Amino acid sequence: MDISEYTAKLQNDLATAAELGDDHTRRIAASLSAAIEPSVRLVLLAAATELAKEIGAKLGDREVKVNLDGSELLVDIVRPPNSTGGEGANEKADDEKKDSTYSFDDVSGDISRVTLRMMEQIKARAEEAANQNGVSLNSWVSQAVQGALRDQMRKNGMD
């Protein structure tokens with residue numbers, strides 16, 4: 001499920017509310033809109049994760065997992081390792097954990113501000129890529145870092 005439409009709706013609603021104010025108010029709203037996008041994604045993931053826990057509790061023999069991969073919420077229904085028994089089931093579950101994307105539990109916590117220095121040409125290309133994906137440069141860089149970390153985890157898990 002692509003959550004970009006939900007974050008865009010929130011940003012649009014904020015911009016619409018800011019239309020009641022002056023130019024300064026509209027500029028502040030635009031800045032806030034871009035700044036809150038990562039937080040909105042985490043809140044949506046948190047809500048989806050809570051819903052998945054409730055559904056999993058109703059299913060009994062299966063768990064519902066929710067992961068965030070860029071702007072995509074991914075849902076997976078799995079049997080817990082102890083419900084199928086056997087040593088091979090635990091190894092398979094471990095392999096699946098190593099290969100999965102981050103869940104909300106992995107990305108919760110405080111958001112930190114980072115200053116990033118890069119060549120102007122690279123920044124321009126990153127801004128272009130972010131625009132093509134309909135996200136802010138900040139979100140695009142954050143997603144790129146998450147993807148690189150996920151790839152590194154997969155590589156280290158397979159060594």
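Heavy atoms only: backbone and side chains are in, while hydrogens, waters and symmetry mates are out. Remember, predicted model here, so these are calculated numbers, not experimental data. Along the sequence shown, residues carry numbers from 1.
- Interatomic distance, Arg62 CZ to Ile77 CD1, rounded to the nearest 0.5 Å: 6.5 Å.
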All N/O donor-acceptor pairs, side-chain side in residues 115-130, below 3.5 Å, sequence neighbours left out:
| from | atom 1 | to | atom 2 | distance (Å) |
| --- | --- | --- | --- | --- |
| Lys123 | NZ | Glu127 | OE2 | 3.1 |

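- A donor-acceptor pair is defined here as one N or O able to donate and one able to accept, closer than 3.5 Å; no such pair exists between the side chain of Glu63 and the backbone of Gly56.
- A donor-acceptor pair under 3.5 Å is absent between the side-chain atoms of Ser33 and the main chain of Ala29, judged by distance alone.
- Proximity of Leu10 to Leu14: side-chain heavy atoms (C-beta onward) are nowhere separated by under 4.5 Å.
- Note that OG1 of Thr7 and CG of Asn12 are 11.0 Å apart. Values are rounded to the nearest 0.5 Å.
- Pairs engaging residues 32-44 under the salt bridge (Lys or Arg N to Asp or Glu O under 4.0 Å) rule: Glu37-Arg41 [sequence neighbours left out].
- For Ser136, the side chain to side chain donor-acceptor pair (under 3.5 Å) criterion is met by Ser139, not counting sequence neighbours.
- With sequence neighbours excluded, the residues forming a salt bridge (Lys or Arg N to Asp or Glu O under 4.0 Å) with Asp23 are Arg26, listed by chain and number.
- Distance check, rounded to the nearest 0.5 Å: CG of Leu45 to CD1 of Ile3 gives 7.0 Å.
- When the side chain to side chain contact (heavy atoms under 4.5 Å, CB included) test is applied to Ile28, the partners found at least two apart in sequence or on another chain are His24, Leu32.
- Rounded to the nearest 0.5 Å, atoms OG (Ser39) and CG (Leu44) are 9.5 Å apart.
- A donor-acceptor pair is defined here as one N or O able to donate and one able to accept, closer than 3.5 Å; no such pair exists between the side chain of Ser142 and the backbone of Asn138.
- Residues satisfying the side chain to side chain donor-acceptor pair (under 3.5 Å) test with Asp13, not counting sequence neighbours, are Lys9.
- Heavy-atom minimum distance, Ala52 versus Val66: CB-CG2, 3.4 Å.
- Contact of the Met1 side chain with the Tyr6 side chain is registered, since non-hydrogen atoms from C-beta on lie closer than 4.5 Å.
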